[in-house]
Amino acid sequence: MRVSLVKSERSFSAAEGQSLLEAAAAAGLRIAQGCRGGSCGACGARLLRGEIEYPHGPPLGLSAEDRAAGRILLCQARARSDLEIEVDELRRPEEVIVKRLPCRIERVQRLAHDVLALYLKLPSAETFAFRPGQYLDVILGEGRRRSFSIASAPHDGALIELHVRRVEGGEFTAPLFAADPHKRLLTIEGPLGRSYEAGAKTPQAPLLCVAGGTGYAPINAILRDLLERGRRRDLHLYFGARTRADLYAEAHVHALRLLDPTLAYVPVLSEPSPDWAGRRGLVHEAVLADHERLDRFDVYVCGPPGLIEAARRTFAARGADPSRIFFDSFDYAPDALARQRSSASTRD
Ligand SMILES: Cc1cc2nc3c(=O)[nH]c(=O)nc-3n(C[C@H](O)[C@H](O)[C@H](O)COP(=O)(O)OP(=O)(O)OC[C@H]3O[C@@H](n4cnc5c(N)ncnc54)[C@H](O)[C@@H]3O)c2cc1C
């Protein structure tokens, strides 16, 4: 099937069962992408002609209104006929230079019982330009890859910082905790995903950042970049975790507050011990309890799909401007998702 892009007048072919995002990438086209699980909405496009299908059901990242307006998500959509679509291709040089590079885990820091900071060192002759909010993939072979947001700011220097949470039984993350990964060699590909130009359109607007667990990683990069470039805005950071021991980024937040003592930091625990005097409940509920209206904010929400789904549902109803709200969903890797779906369908 042929897929034509109306803006650039380019086209590519898509095989049956292949996602439009994979088909576009195979043809060398660069299109914004995020979670690749249908949650974040980064690979959105408009279908002008033809028919698509979603083998896994309508993606969470599209509302009924989006679908009625012809909006589709390329990571989930499969072509059922020739198509005409409208989508923005990435052109800016810092977004298009995606490299596959070897690197070494130069430093490891345990940030919590189930979170490690990995500091990656690239070969000395290589450069790795990225923008805050972008991520990289660790390549495992046979088409399998694992995504991690970059927690350091672009100007931070030679090492790339990642915050990696252990997934029980996870092929990549579990072994990192079982044996010290210091000096281990990895292959990475990146930078990937959209960058977040905080305040690009609304430099004076307050910025509301909402993190679930290691969803803090790209927020750290964004806030450091903003503060170290002297861009002063009203900053609000909500960090959701289960227990006090899961508030892994206290030292990072402290470093940010040295740059901007007015940064408002609200840790929210969903399973606190009785002596916790701070906020309790789910992190998006704390935001809603504190802010009757969200119209004035630029909003960045990052973390597990459940948080993204809850924030998407509730923040718009409080007036958050859809063009100024940005979701970054930490979905499962495509092969893990496929395994999970196939074991769920065997159980049904
Ligand atoms: C764009 C993007 C950026 C991300 N950035 C980060 C980051 O900065 N830090 C971070 O810690 N994670 C991040 N993630 C999530 C991370 O990619 C996964 O946790 C990782 O792929 C797990 O790899 P694994 O090989 O250990 O587990 P797998 O072998 O892939 O999975 C093992 C089993 O665990 C379950 N599983 C898989 N992933 C998850 C998950 N995320 N949560 C709960 N259960 C899961 C599945 O049932 C799966 O069958 C990001 C994801 C995306 C899409």
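Quick caveat: nothing in here was measured; it's all calculated off a predicted structure. Nothing fancy with the numbering, it's 1 onward along the sequence. Just so you know, ligand 1 is whichever comes first in the structure, and atom 1 is the first atom listed for that ligand. For the numbers below, each heavy atom of this structure counts, side chains included, while hydrogens, waters and symmetry mates do not.
- Residues Asp298 and Arg233 form a side-chain contact, since some pair of their non-hydrogen atoms from C-beta on lies under 4.5 Å apart.
- Taking 4.5 Å as the limit, every side-chain heavy atom of Tyr135 sits out of range of all side-chain heavy atoms of Leu162.
- Annotation: side chain of Arg318 is not in contact with side chain of His291 (no heavy-atom distance under 4.5 Å).
- The protein atom (non-hydrogen) at minimum distance from atom 11 (O) of ligand 1 is Arg165 N, 2.8 Å.
- Open room surrounds CD on Glu168; 12 or fewer heavy atoms of other groups in view lie less than 6.0 Å from it.
- A cation-pi arrangement is present between Arg166 and Phe177 under the rule of less than 6.0 angstrom and at most 45 degrees off the ring axis.
- Ring pair Tyr196/Phe326 is perpendicular by interplanar angle, where above 60° counts as perpendicular and below 30° as parallel.
- Residue His163 approaches ligand 1 through these ligand atoms, each under 4.0 Å from one of its heavy atoms: 7 (C), 8 (O), 9 (N), 10 (C), 11 (O).
- When Arg145, Arg144, Arg146 are each tested for a salt bridge (Lys or Arg N to Asp or Glu O under 4.0 Å) with Asp335, only one passes: Arg146.
- For Gly37, the closest heavy-atom approach to ligand 1 does not fall below 4.0 Å.
- The shortest N or O to N or O distance between Arg146 and ligand 1 is under 3.5 Å.
- Looking only at side-chain heavy atoms (C-beta outward), Asp225 and His155 come within less than 4.5 Å of each other.
- Closest protein heavy atom to atom 47 (O) of ligand 1: Gln340 NE2, 3.1 Å.
- By heavy-atom distance, the residue among Leu162, Leu118, Val167 lying nearest atom 34 (O) of ligand 1 is Val167.
- Between Arg242 and Glu271 there is a salt bridge, with a side-chain nitrogen of the basic residue lying less than 4.0 Å from a carboxylate oxygen of the acidic one.
- Near Cys35, meaning under 4.0 Å from any of its heavy atoms, are these atoms of ligand 1: 53 (C).
- The part of Tyr135 lying near ligand 1 is the side chain, judged by heavy-atom distances below 4.0 Å.
- Protein heavy atom at the shortest distance from atom 6 (C) of ligand 1 is Phe330 CE2, 3.2 Å.
- Distance check on atom 18 (C) of ligand 1: every protein heavy atom falls at or beyond the 4.0 Å cut-off.
- Regarding atom 10 (C) of ligand 1, its nearest protein heavy-atom neighbour is Thr214 OG1, 3.3 Å.
- Atom 27 (O) of ligand 1 has Gly170 CA, 3.2 Å as its closest protein atom, hydrogens excluded (heavy atom only).
- At a 3.5 angstrom cut-off on N or O pairs, Glu171 counts as close to ligand 1.
- Side-chain N/O atoms of Tyr248 and His163 include a donor and acceptor closer than 3.5 Å.
- Residue Pro304 does not touch ligand 1, judged by heavy-atom distances below 4.0 Å.
- Near Val164, with a cut-off below 4.0 Å to any heavy atom, the atoms of ligand 1 are 11 (O).
- Environment of CZ in Arg2: crowded, with over 12 heavy atoms of neighbouring residues, nucleotides or ligands closer than 6.0 Å.
- For atom 45 (C) of ligand 1, the closest non-hydrogen atom on the protein side is Tyr332 CE2, 3.0 Å.
- You'll find the side chain of Thr187 stays beyond 4.5 Å of the side chain of Leu101, heavy atoms only.
- The nearest heavy-atom contact from the protein to atom 14 (N) of ligand 1 is Ser147 O, 3.3 Å.
- Compare Val138, Thr173, Asp335, Asp331 by their heavy atoms: the one nearest to atom 53 (C) of ligand 1 is in Asp331.
- For the pair Ser149 and ligand 1, the shortest N or O to N or O distance falls below 3.5 Å.
- Shortest contact from atom 48 (C) of ligand 1 to any protein heavy atom: Ala336 CB, 4.0 Å.
- More than 12 heavy atoms of other residues, nucleotides or ligands shown are found within 6.0 angstrom of CD on Glu126.
- Not a single N or O atom of Leu140, backbone or side chain, sits closer than 3.5 Å to an N or O atom of ligand 1.
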